[in-house]
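What follows is a short report on a single structure.
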Amino acid sequence: TIGMVAIDRNGSLAVGTSTNGLRHKIPGRVGDSPIPGSGAYVDQDVGGAAATGDGDIIMRFLPSYQAVENMRQGMSPKTAANEAIARIVKKYPKAMAAIVAADNAGRYGAACINIEGGFPYSVVNPKLGNVTAERVDCL
Amino acid sequence: RGILPLVINTWNFSNATLNAWTTLSSGGSAVDAIVSGCSTCEREQCDHTVGWGGSPDENGESTLDAMIMDGPSHKVGAVAGMRRVKDAISVARKVLDNTQHSLLVGDFATEFAVQMGFKEENISSDWSLKTWEDWKANKCQPNYWQNVEPNPRENCGPYKPVKRDAKNENINRNLVNYENHD
């Protein structure tokens with residue numbers, strides 16, 4: 001799955017996801033990716049987020065919505081992502097999940113659980129100049 | 001302080017990031033960038049987790065899910081379980097732009113896509129078919145069934161429901177990993 005947050009030069013935000021889901025799924029099964037608030041969510045007044053991992057578990061927590069709401073309450077994107085993922089850990093400590101989040105000022109962060117070696121994500125802004133691979137250690 | 005514009009995406013799918021960034025740099029909107037970036041992964045079949053010819057289901061079929069949410073309008077366009085059409089994120093944008101709905105599913109999403117001018121075709125690949133054949137040869141392991149018979153840990157289906165056995169539930173969630181995820 002790819003989940004993406006974009007902010008254009010006018011400051012407009014959008015989020016998106018695209019996936020072919022899990023291998024060997026029961027036919028008809030759909031994960032979190034196409035569900036607003038779960039696979040991705042955006043509020044122009046706050047920011048956006050996109051999740052990846054085990055969609056059957058992720059969709060039970062709406063982590064993208066939660067991360068945006070956390071930023072609305074004043075958390076940084078990094079802290080907001082951590083808190084959203086921590087809710088999953090509490091109920092499903094073995095689930096794999098990760099999230100990227102960005103506020104509408106362009107600050108960004110990420111968090112994950114149960115990804116060996118940490119969670120890689122890709123980011124670019126004018127300061128970075130080029131597409132940059134970053135990685136965050138999991139909770 | 002933040003810096004705009006910005007593109008950030010899950011996993012190290014750098015070509016998707018780059019194409020989304022190029023779209024923004026040439027004056028495209030955030031929604032344009034999402035379509036450009038996600039379409040890149042659909043074409044490149046990123047890690048076989050995005051796009052056509054990946055993640056076969058128990059019948060060997062690949063189906064696609066995609067979603068766009070636009071910040072200023074708070075509108076959503078999405079497709080789920082879409083069959084036989086490759087351009088999932090582009091179809092999701094058609095749902096966003098050309099309907100007042102948010103999510104279309106299954107064969108009806110396919111019918112919508114065809115009506116919007118997308119091609120209906122076989123979206124299996126050599127990789128997805130081999131993955132499926134290997135899975136069947138391995139007694140359909142792993143799979144996501146529980147509380148059914150015959151024992152889904154040792155047998156293929158079809159299955160019938162049996163009395164709930166809590167100790168046998170959710171034991172296979174670790175089959176979701178770096179190369180197999182939503």
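Every chain is numbered from 1, with letters handed out A, B, ... down the list of sequences.
- The two residues Val76(B) and Pro36(A) make their nearest non-hydrogen contact at CG1-CG, 3.7 Å.
- In this structure, the portion of Cys41(B) lying under 4.5 Å from any heavy atom of chain A is its side chain and not its backbone.
- Put simply, CG on Asn180(B) and NZ on Lys25(A) are 8.5 Å apart, with the number rounded to the nearest 0.5 Å.
- Under a 4.5 Å side-chain heavy-atom criterion applied to ILVMFWY residues, the cluster that includes Phe112(B) comprises Val79(B), Met82(B), Val85(B), Val91(B), Val95(B), Leu104(B), Met116(B), Phe118(B) as well.
- Heavy atoms closer than 4.5 Å to chain A are found in both the backbone and the side chain of Thr131(B).
- With rounding to the nearest 0.5 angstrom, the CG atom of Asn9(B) is 12.0 Å from the OG1 atom of Thr1(A).
- For chain B, the option among Gly3(A), Gly16(A), Gly31(A) with the highest count of heavy-atom pairs below 4.5 Å is Gly3(A).
- Neither the backbone nor the side chain of Asn15(B) comes within less than 4.5 Å of any heavy atom in chain A.
- Looking at Leu18(B), the atoms closer than 4.5 Å to chain A (heavy atoms on both sides) sit in the backbone and in the side chain alike.
- Of the residues considered (Leu13(A), Ile7(A), Asn104(A)), Ile7(A) shows the highest number of contacts with chain B, using heavy-atom pairs under 4.5 Å.
- Distance check, rounded to the nearest 0.5 Å: CG of Asn143(B) to CG of Leu22(A) gives 12.5 Å.
- Residue Val31(B) touches chain A through both its backbone and its side chain, counting heavy-atom pairs closer than 4.5 Å.
- Residue Ser62(B): no heavy atom, backbone or side chain, is found under 4.5 Å from chain A.
- Both the backbone and the side chain of Ala16(B) come within contact range of chain A, with heavy atoms under 4.5 Å apart.
- Using the six-membered ring where Trp is involved, His24(A) and Trp135(B) have ring planes that are parallel, under 30° apart on the 30 and 60° scheme.
- Expressed to the nearest 0.5 Å, how far OG of Ser64(A) lies from CE of Met69(B) amounts to 10.5 Å.
- Salt bridge Asp182(B)/Arg29(A): present, at least one basic N to carboxylate O contact under 4.0 Å.
- Shown here is Lys139(B), whose NZ atom has no more than 12 heavy atoms of other residues, nucleotides or ligands within 6.0 Å.
- Shown here for Ala14(A) and Ile34(B), the closest heavy-atom pair between the two residues is O-CD1, 3.7 Å.
- Here the OG-NE2 distance, from Ser33(A) to His181(B), works out to 9.5 Å after rounding to the nearest 0.5 Å.
- Within 6.0 Å of NZ on Lys86(B) lie more than 12 heavy atoms contributed by other residues, nucleotides or ligands.
- Note: Ile2(A) leads Ile2(A), Val30(A), Val100(A) in heavy-atom pairs under 4.5 Å with chain B.
- Counted within 6.0 Å of CG on Asn138(B), heavy atoms from surrounding residues, nucleotides or ligands total more than 12; the atom is thus considered enclosed.
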| request: Would you check, one step at a time, whether the test side chain to side chain donor-acceptor pair (under 3.5 Å) holds for Ser122(A) with Thr17(B)? | output: CA-CA 7 Å; Ser122(A) 187; Thr17(B) 324; 2.8 Å; yes
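- Scanning residues 130-139 of chain A against chain B with a 4.5 Å non-hydrogen threshold yields Val131(A), Ala133(A), sorted by number.
- Remark: the backbone N or O of Leu6(B) is not paired with any side-chain donor or acceptor of Asn125(A) at under 3.5 angstrom.
- Ranking Val42(A), Asn20(A), Asp43(A), Val123(A) against chain B, the residue ahead of the rest is Asn20(A), based on heavy-atom pairs under 4.5 Å.
- Considering only heavy-atom pairs separated by less than 4.5 Å from chain B, the leading option among Gly39(A), Ser12(A), Pro126(A) is Pro126(A).
- Contact tally against chain B (heavy-atom pairs below 4.5 Å) for Gly21(A), Ala98(A), Gly11(A): the top residue is Gly21(A).
- Heavy atoms of Ala33(B) lying under 4.5 Å from chain A belong to its backbone as well as its side chain.
- Within residues 114-121 of chain A, the residues having any heavy atom less than 4.5 Å from a heavy atom of chain B are, in residue-number order, Ile115(A), Phe119(A), Pro120(A), Tyr121(A).
- Partners of Glu44(B) according to the salt bridge (charged side-chain N to carboxylate O under 4.0 Å, His left out) rule, which considers only residues two or more places apart in sequence or in another chain, do not exist here.
- Not a single donor-acceptor pair under 3.5 Å links the side chain of Arg9(A) to the backbone N or O of Pro5(B).
- Using a 4.5 Å cut-off on side-chain heavy atoms (C-beta onward), Met4(A) and Thr10(B) make no contact.
- With hydrogens and angles disregarded, a donor-acceptor distance shorter than 3.5 Å links the side chain of Asp8(A) to the backbone of Ala30(B).
- Proximity to chain B (any heavy atom under 4.5 Å) is shown, for Leu128(A), by neither the backbone nor the side chain.
- Note that OG of Ser18(A) is 9.5 Å distant from CG of Asp87(B), once rounded to the nearest 0.5 Å.
- Residue Glu179(B) touches chain A through both its backbone and its side chain, counting heavy-atom pairs closer than 4.5 Å.
- When all heavy atoms are compared, the tightest approach of Ile3(B) to Lys127(A) is CD1-CB, 3.1 Å.
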